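Here the structure is a predicted model, which means the values were calculated and not measured.
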Amino acid sequence: MEKYKIIALVCLLLILLNRMLAVSQQVRLNKDLAQLKKRGPVCGVGLAKSPFLGSRVGVLITDRAGDVQEVYHVCGKSVFSGYKLDVKFPYADCYQAKCELESRNKLSLQERAYLSAASYISDGLSAQNVSLP
């Protein structure tokens, strides 16, 4: 019986440690995101969640016409994860990304995050009466 109490106490301490490290990671990622948002005139952040695969974040930085300047994603799942430049992003503007990703049947979790960010940007630019290409 004593053995189970020790195991339960260790599990409780590990859960507490995990929560403490997650808070510091979230604060650091939010600071990094604030710096990324300053890199361009328009920024869209997309989040895709899955119960089994976790979550993915995609950040699209565009100009006022919707042309993609930089694309970032969160790399890693540990305390040391951070935003990484995605050089393999295949779309030139957020409208093209939104159209092509919406037309596909099956999207990866990262692609769903990019679709969310592209939709946010294109809807916002359309609401501001920016002419579509």
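Here the straight-line distance linking atom CG of L12 with atom CD1 of I7 works out to 13.5 Å at 0.5 Å rounding. With rounding to the nearest 0.5 angstrom, the CD1 atom of I6 is 8.0 Å from the CG atom of L9. Separating the OH atom in Y95 from the CG atom in L125 is a distance of 4.0 Å, to the nearest 0.5 Å. Annotation: the span from L107 atom CG to S116 atom OG amounts to 11.5 Å, rounded to 0.5 Å. Taking CG of D67 as the reference point, atom CG of D93 lies at 5.5 Å (rounded to 0.5 Å). The line from CD1 of I121 to CD1 of I61 is 8.5 Å long, rounded to the nearest 0.5 Å.
With contacts defined as side-chain heavy-atom distances shorter than 4.5 Å, the pair R56/E111 does not qualify. At a threshold of 4.5 Å between non-hydrogen side-chain atoms, the residues V57 and V45 count as touching. Between V23 and R19 there is no side-chain heavy-atom pair separated by less than 4.5 Å. Residues L85 and V71 fail the side-chain proximity criterion, which asks for heavy atoms closer than 4.5 Å.
Here the shortest heavy-atom pairing between A118 and C94 reads CB-O, 3.7 Å. What you find for D63 and V42 is that their closest heavy atoms are O-CG2, 3.8 Å. Heavy-atom minimum distance, G58 versus A117: O-CB, 3.8 Å.
At least one donor-acceptor pair under 3.5 Å links the side chain of S119 to the backbone N or O of L115.
Residue pairs meeting the ring pair (Phe, Tyr, Trp, His ring centres under 6.0 Å) criterion with at least one partner in residues 103-126, sequence neighbours excluded, are F89-Y114. For residues 39-52, the set of pairs meeting the side chain to side chain donor-acceptor pair (under 3.5 Å) definition, not counting sequence neighbours, comprises R39-E70, R39-Y72.
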Worksheet item: Please walk me through it: do V59 and C43 pass side-chain contact (heavy atoms from CB on, under 4.5 Å)?
Response: CA-CA 7 Å; V59 180; C43 180; 3.7 Å; yes

Worksheet entry | Chi angles and distances behind the side-chain contact (heavy atoms from CB on, under 4.5 Å) call for Q69, L60 | CA-CA 8 Å; Q69 295 176 342; L60 269 66; over 6 Å; no

Worksheet item: Step by step, would you call Y83 with L33 a side-chain contact (heavy atoms from CB on, under 4.5 Å)?
Response: CA-CA 8 Å; Y83 291 99; L33 182 60; 3.7 Å; yes

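Under a hydrophobic-cluster definition in which Ile, Leu, Val, Met, Phe, Trp and Tyr are linked whenever side-chain heavy atoms come within less than 4.5 Å, directly or via other members, V87 and L36 are assigned to the same cluster.
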